[in-house]
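All chains are named by letter (A, B, ...) in the order of the sequence lines, taking the proteins before the strands, and each is independently numbered beginning at 1.
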Amino acid sequence: MKNKEIADIFFEIAEMMEILGDNLFRINSYKKAARVLNDLTEDVELLSKENKLKDIPGIGTGMAEKITQYIAERRIDKYEELKREIPEGVIRLMEIPGMGPKTAQLVFKALNITNIEDLQKAVKEGKLRGLPGIGQKKEEAILKGIKIIKDLGNRILLGVALPIVSEMVKKIKQNGAKLVSPAGSLRRMKETVGDIDILVGDKDGRKIISDFVRQGGVKEVLAVGDTKGRVIVEGGTQVDIRVVSPDCFGAALQYFTGSKEHNVRLREIAKTKGLKINEYGIFKGDNKIGGEKEEDIYELLGIEWIPPVLREDRGEIEAAQTKKLPRLVAMEDIKCDLHVHSNWSDGTTEIMALAEEAERLGYTHIVISDHSQSLKIANGLDLKRIEAQIEEIKKINKDLKGFKLLCGSEVDIKADGSMDFPDSILKELDVVIGAIHTNFKQEKKVLTGRIIKAMENPNVDIIAHPTGRLIGAREAYDVDMNEIIKAAHNTKTALEINSHYDRLDLQDIWAHKAKENGVKMAIGTDAHHIDNLWMMRLGVGLAGRAWLEKKDILNTLSHDSLIKYLTN
DNA sequence: GCCGTTTTCGGCCCGACTGTTTTCAGTCG
């Protein structure tokens with residue numbers, strides 16, 4: 001699929017137009033088109049062939065032409081023209097906090113600076129001094145910004161950010177604040193977050209913030225004010241804190257949770273109703289008519305409250321207007337973890353300890369799913385050992401009261417699509433999870449066919465980490481997800497939402513697509529240690545972002561219902 | 001450049017902060 005390639009180009013076009021000072025609304029059209037293409041699960045190439053590009057919201061005549069040209073010629077005229085005017089490095093300059101399109105253009109035009117290193121050097125040599133709008137403070141801000149992006153690198157994984165924020169929220173509450181919540185993309189459970197936002201509703205902002213910046217774990221303080229603070233914590237993550245008056249907490253929480261696109265839509269709706277929304281409340285003329293609670297905002301706009309994980313302007317506002325929002329799956333609905341490794345293969349925790357911890361977490365059962373024989377590097381179980389493990393689990397089950405272990409295995413799907421255990425073993429197992437761990441680089445058709453062949457084996461219940469991507473580290477393997485979803489439906493095979501923090505695979509847009517096609521999903525932490533079991537939260541968050549409900553998720557079934565479902 | 005249950009033309013979200021400014025541009029979320 002060329003969707004992402006084209007989205008990237010559209011986004012870059014928008015940035016170059018910003019630098020050139022083009023019309024803002026036109027720029028916005030490119031950004032919107034880029035976003036829509038990124039979220040699209042249909043292949044644009046196919047839509048182009050069927051002449052359906054203009055059915056995509058945000059794609060009109062101009063965008064459709066450009067997409068068509070790219071598919072045919074692998075180039076877009078407008079993009080090529082812009083690239084001749086603006087070198088790529090100039091766009092990168094805008095990644096520096098405090099550098100926007102105007103400043104990027106200024107240093108490029110005046111000093112021919114086209115990369116971050118040259119910019120840093122020029123500032124230090126005082127070459128920016130005297131340019132319009134540049135003073136000493138601005139120079140310092142640019143140097144600081146350069147340091148931040150060099151230190152900070154890219155976005156952080158949700159699974160890394162969540163524990164940090166939980167700890168901080170706890171500390172702020174210990175210091176006396178009552179209204180405390182994470183905001184931003186973290187509250188929306190996006191798979192990666194740029195920085196961490198924490199919102200506090202309290203009268204005494206100065207005290208909250210000075211306590212906050214002095215807590216342990218803070219490496220550097222970037223800003224301290226009465227309403228805002230910003231620190232870098234150990235590990236290089238930036239954390240922002242904002243304090244608002246308690247009677248504005250709801251409006252501020254709504255505002256700072258975003259997404260930006262979602263908020264823009266809400267303000268448009270407000271405008272049609274003669275209302276105005278900002279971070280202090282919702283207003284009719286000069287009268288504040290709500291804002292203490294987040295629910296106020298939605299209620300006064302005449303729509304249902306929308307869970308944060310849905311706030312991406314991907315149809316949730318329309319659903320809220322027509323009272324068709326899904327009842328999202330929640331942690332309380334989860335009765336089991338469907339993918340757990342023990343010390344029988346490459347995990348480090350004993351089966352019994354996993355069972356005890358799972359029970360403590362409120363589950364009624366879990367699936368022990370160690371690796372199969374050919375995955376030698378992970379100490380995969382051979383036929384003898386898997387038989388022995390099945391016996392062991394049966395034995396432990398006899399000792400457990402009110403909790404059950406299921407015998408499972410994460411069985412390798414071999415290069416030809418056959419399974420790494422004979423059917424006689426697969427039949428004995430309660431849960432068979434098919435997974436690809438080798439030969440990632442096969443051609444798309446081969447790889448897709450390989451997974452489909454595995455799904456056609458009636459003993460295979462779940463396909464693990466269907467796209468194989470590792471966030472920021474390894475690209476997804478080249479599979480035709482639409483075909484996989486179709487086959488999953490036909491063979492009644494579940495697709496996994498692998499909730500290990502560096503996988504989160506299926507991604508939200510595909511999990512949503514799978515649901516639309518009647519495919520069930522199985523959340524598995526892929527835990528290799530007792531301390532990994534908490535990552536179920538990440539999978540449930542992802543499921544929410546995919547609009548999944550209780551009925552879409554196998555983890556919500558009781559032990560007996562699950563067994564029944566799997567044997568039918 | 002997109003879009004339309006008031007529109008095929010004329011709209012397209014809002015406010016704070018910062019730094020550079022004598023009234024505002026740029027950046028950010």
Side-chain angles (χ1 to χ4, degrees), chain A residues 10 13-15 17-19 21-36 53-67 76 78 93-107 128-142 144-145 148 183-188 193-199 222-223 225-230 238 240-244 248 251-273 275-283 291 297 301 311 313 317 321:
Chain A
F10 280 175
I13 288 177
E15 288 184 311
M17 289 166 73
E18 275 185 320
I19 291 173
D22 208 318
N23 176 291
L24 280 172
F25 300 113
R26 186 174 287 184
I27 291 168
N28 245 340
S29 306
Y30 279 96
K31 286 188 184 168
K32 172 151 196 218
R35 195 165 61 80
V36 168
L53 285 176
K54 284 168 75 176
D55 294 350
I56 309 170
I59 306 292
T61 319
M63 299 294 176
E65 265 173 25
K66 291 176 180 75
I67 295 170
I76 293 173
K78 182 171 178 101
L93 295 181
M94 287 164 58
E95 288 168 13
I96 302 166
M99 285 282 286
K102 300 295 168 197
T103 321
Q105 191 214 27
L106 179 72
V107 298
L128 268 63
R129 194 70 59 87
L131 293 177
I134 306 274
Q136 193 193 337
K137 293 253 172 121
K138 190 80 197 171
E139 289 177 343
E140 283 167 15
I142 292 172
K144 208 162 190 180
I148 286 172
S185 47
L186 186 122
R187 184 164 179 245
R188 304 200 311 278
V193 299
D195 55 17
I196 295 176
D197 293 307
I198 298 175
L199 183 73
L222 296 178
D226 290 349
T227 62
K228 265 191 196 175
R230 170 170 289 178
Q238 180 176 309
D240 286 359
I241 184 170
R242 294 158 208 272
V243 186
V244 298
C248 301
L253 185 58
Q254 197 290 317
Y255 179 86
F256 288 118
T257 296
S259 68
K260 196 176 172 195
E261 291 78 10
H262 174 89
N263 287 355
V264 166
R265 288 290 312 281
L266 288 193
R267 282 185 220 124
E268 280 171 9
I269 294 170
K271 218 173 152 182
T272 64
K273 293 182 183 291
L275 302 173
K276 192 180 67 174
I277 308 171
N278 58 30
E279 60 262 54
Y280 301 109
I282 177 161
F283 298 84
I297 309 288
L301 292 179
R311 299 181 194 169
D313 188 23
I317 292 170
Q321 284 171 323

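An OP1 or OP2 oxygen of B:dG1 is reached within less than 4.0 angstrom by no side-chain nitrogen or oxygen of A:T61.
Mapping A:N28 and A:K137 onto DNA chain B by nearest heavy atom places A:N28 at the nucleotide closer to the 5' end. Comparing A:E139 and A:G100 against DNA chain B, the residue whose closest nucleotide sits nearer the 5' end is A:E139.
Contact annotation for A:I96: backbone-only contact, meaning every heavy-atom pair under 4.0 Å involves sugar-phosphate atoms and none involves a base. Residue contacts for A:L24: at a heavy-atom cut-off of 4.0 Å it reaches no nucleic acid atom on any strand shown. Among the protein residues, A:K66 comes within range of the sugar-phosphate backbone only, with heavy atoms under 4.0 Å from sugar or phosphate atoms but none that close to a base. In this structure, A:P132 reaches neither bases nor backbone, as no heavy-atom distance under 4.0 Å exists between it and the strands shown. If you check every strand for non-hydrogen atoms under 4.0 Å, A:Q136 touches sugar and phosphate atoms only. In this structure, A:K260 reaches the bases: a heavy-atom distance under 4.0 Å links it to at least one base atom across the strands shown. Residue A:K271 is in sugar-phosphate contact alone, with no base atom involved, counting any heavy-atom pair closer than 4.0 Å across all strands shown.
The same atom, C1', is picked in B:dT27 and in B:dT21; the two are 16 Å apart, to the nearest Å. Here, B:dT7 and B:dG1 have their P atoms 26 Å apart, quoted to the whole Å. For the C1' atoms, the distance from B:dA16 to B:dC12 is 22 Å, rounded to whole Å. When the P atom is compared between B:dG4 and B:dT8, the two are found 13 Å apart, to the nearest whole Å. If you take atom C1' in B:dT18 and the same atom in B:dT23, they sit 15 Å apart, rounded to whole Å. Atom name C1', nucleotides B:dT20 and B:dG26: the rounded distance is 10 Å, in whole Å.
Partner assigned to B:dC3 is B:dG10, using Watson-Crick or G-U wobble distances below 3.5 angstrom.
Between the CG atom of A:D240 and the P atom of B:dA16 there is a distance of 18 Å, rounded to whole Å. Nucleotide B:dC17 holds its P atom 10 Å from the CZ atom of A:R242, rounded to whole Å. Summarising the geometry, the separation between OH on A:Y30 and P on B:dC2 is reported as 7 Å, rounded to the nearest angstrom.
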Show your working on side-chain contact (heavy atoms from CB on, under 4.5 Å) between A:L301 and A:I282 and close with a plain yes or no. CA-CA 9 Å; A:L301 292 179; A:I282 177 161; 4.1 Å; yes
One pair to check against side-chain contact (heavy atoms from CB on, under 4.5 Å): A:K32 and A:M63. What are the steps and the verdict? CA-CA 11 Å; A:K32 172 151 196 218; A:M63 299 294 176; over 6 Å; no
Between A:L275 and A:I277, is a side-chain contact (heavy atoms from CB on, under 4.5 Å) present by the stated rule, with each step listed? CA-CA 7 Å; A:L275 302 173; A:I277 308 171; 5.8 Å; no
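The side-chain hydrogen bond (donor to acceptor under 3.5 Å, both in side chains) test with A:E18 is passed by exactly one of A:K102, A:Q105, A:K31: A:K31.
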